[in-house]
Amino acid sequence: MADSAQAQELVYLVTGGCGFLGEHVVRMLLQQEPRLRELRIFDLHLGPWLEELKTGPVQVTAIQGDVTQAHEVAAAVAGAHVVIHTAGLVDVFGRASPETIHAVNVQGTKNVIEACVQTGTQFLVYTSSMEVVGPNIKGHPFYRGNEDTPYEAVHRHPYPRSKALAEQLVLEANGRKVRGGLPLVTCALRPTGIYGEGHQIMRDLYQQGLRLGGRLFRAIPASVEHGRVYVGNVAWMHVLVARELQERAALMGGQVYFCYDKSPYKSYEDFNMEFLGPCGLRLVGTRPLLPYWLLMLLAFLNALLQWLLRPLLLYAPLLNPYTLAMANTTFTVSTDKAQRHFGYEPLFSWEESRTRTVRWMQTMDSSAQ
Ligand SMILES: NC(=O)c1ccc[n+]([C@@H]2O[C@H](COP(=O)([O-])OP(=O)(O)OC[C@H]3O[C@@H](n4cnc5c(N)ncnc54)[C@H](O)[C@@H]3O)[C@@H](O)[C@H]2O)c1
Ligand SMILES: C[C@@H](CO)CCC[C@@H](C)[C@H]1CC[C@H]2[C@@H]3[C@H](O)C=C4C[C@@H](O)CC[C@]4(C)[C@H]3CC[C@]12C
């Protein structure tokens, strides 16, 4: 918890504070931001774990609300010094309509920006995504690129399109005058695939492996690198960016930063095995067991089934043409921009990130038995 010897004067708002990343950001702020007086957590669904935070020295205010409702956002933002906007609809499986994804991710972000301007909040950190850049629909590799690496970003899928539009809005808002006349200072963080305690897809893969008798079958060549970053380090980057934005507005305002740490470069499946392996699962095959064309056919069949079944039920498996293209396209980052601009170093080593994730999965495992 915050060191009470330092002046506790700041009010922070975390939108999406009860999500996978949001919860880590909330806990990290309470541990690492000594100037915090009040922490507001805004989410569509509030988690019961918030109750335990209310007994500490920082005032924790839980606000149930919807980012698509401008008045609810404005009421939550009023009086906050910093907004960390992580709320978003993360959907690459066709669970939500493109309109809903746009409403939450784009209109929701517009509402957050306008609320900052109207109420006089000066600092806004936006959780963007690697998908703002790629992989693109042409399957071009992005091999250990940085924030300045040229890449043909082409977005057809509603989720990356919405993240790209929202990021653009946030960056364009940098420098706008907020109530009281001071300039709004914004920046965007672009995590690659986040992993760690609370990661739903890891949970799903684990359950799938158990159903298949402790095995998963390789579908993606081991040579396709996929960028991953530990949730604790992503949360730490948010805390640090929010703090340093107040000191280095001229340098950091309007900038984008990839989220990175020392997690190894591996394929999506080999990386997951770092956690699923110690939980007793095995990845079968050194090469993909099915040819790519057959996987693609299955992915299209899944998409067709989803469409046909839509009036009756929601069919949203992991494999669809978009997720297959993502998993099958190299996309990794190698950058030190966050270190150069605001002194970021990962808080958790790769070994610690792995141990924490495995420990979480094993707890999940024993509580399921
Ligand atoms: N998970 C990843 O690998 C990853 C990678 C890059 C970027 N991101 C971004 O990080 C952010 C958090 O993602 P996550 O993985 O924690 O997802 P998540 O679904 O676990 O968390 C999102 C949170 O936003 C809340 N939310 C959704 N719609 C809302 C609305 N209308 N009003 C208020 N709250 C709403 C949800 O209730 C949830 O608590 C998102 O913006 C996402 O685009 C995630
Ligand atoms: C073909 C399957 C055989 O095992 C594997 C399918 C894996 C896919 C479900 C995931 C592969 C890449 C993932 C995405 C990536 O890590 C980055 C993301 C960015 C972020 O903003 C949201 C989550 C995600 C889209 C993530 C989703 C799951 C994958 C597509």
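In what follows, every heavy atom counts, from backbone to side chain, and hydrogens, waters and symmetry copies are set aside. Throughout, numbering of the chain's residues begins at 1 and tracks the sequence.
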Are the side chains of Thr192 and Tyr260 in touch, meaning some heavy atoms are under 4.5 Å apart?
no

Would you call Lys266-Glu274 a salt bridge at under 4.0 Å N-O?
yes

Checking side chain to side chain donor-acceptor pair (under 3.5 Å) for the pair Gln59/Lys54: CA distance, chi angles, key distance, verdict?
CA-CA 7 Å; Gln59 183 190 334; Lys54 291 186 178 166; over 6 Å; no

Is any side-chain heavy atom of Ile41 less than 4.5 Å from a side-chain heavy atom of Val60?
yes

Going from CG on Asp91 to CG on Asn105, what distance comes out if it is rounded to the nearest 0.5 angstrom?
9.5 Å

Apart from Leu13 itself, residues in the same hydrophobic cluster as defined by side-chain heavy atoms under 4.5 Å:
Phe42, Ile63, Val67, Val73, Val77, Val83, Leu89, Ile101, Val104, Val106, Val112, Ile113, Val117, Leu124, Tyr126, Leu165, Leu169, Val170, Val178, Leu182, Leu184

Name the orientation class of the two ring planes belonging to Trp350 and Phe271 (parallel below 30°, tilted from 30 to 60°, perpendicular beyond 60°).
tilted

Given 3.5 Å as the limit, does a donor-acceptor pair link the side chain of Asp261 with the main chain of Val229, or not?
no

Quick one: closest heavy-atom pair of Arg228 and Ser263, and the distance?
O-CB, 3.6 Å

Non-hydrogen side-chain atoms of Tyr257 and Phe342 separated by less than 4.5 Å:
yes

Are side-chain heavy atoms of Gln107 and Lys110 found at a separation under 4.5 Å?
yes

Look only at the side chain of His140 and the backbone of Asn136, and say whether a donor-acceptor pair between them is shorter than 3.5 Å.
no

Which residue in the set Leu21, Ile194, Val14 passes side chain to side chain contact (heavy atoms under 4.5 Å, CB included) when paired with Thr127?
Leu21

Phe142 and Val333: CA distance, side-chain angles, deciding distance, side-chain contact (heavy atoms from CB on, under 4.5 Å) verdict
CA-CA 8 Å; Phe142 186 87; Val333 301; 4.0 Å; yes

Test: Glu131 and Arg190 ion pair at under 4.0 Å
no

Give me the ring orientation class for Tyr195 and Tyr230: parallel if the planes are under 30° apart, tilted from 30 to 60°, perpendicular past 60°.
tilted

Should His81 and Tyr12 be marked as a ring pair (Phe, Tyr, Trp, His ring centres under 6.0 Å) after you check the CA-CA gap, both sets of side-chain angles, and the distance that decides it?
CA-CA 6 Å; His81 297 97; Tyr12 274 54; 8.2 Å; no

Have Tyr268 and Asn328 got a donor and an acceptor in their side chains that come within less than 3.5 Å?
no

Among Leu10, Val82, Ile84, which one satisfies side chain to side chain contact (heavy atoms under 4.5 Å, CB included) with Leu29?
Ile84

When you check the gap from the basic side-chain N to the acidic O, do Arg27 and Glu197 get nearer than 4.0 Å?
no

When you measure from the centre of the six-membered ring of Phe348, is the NZ or CZ of Arg356 closer than 6.0 Å and no more than 45° off the axis?
no

Can a salt bridge be assigned to the pair Glu351 and Lys262 using a cut-off of 4.0 Å between side-chain N and carboxylate O?
no

Close side-chain approach of Asp270 and Arg218, heavy atoms under 4.5 Å
yes

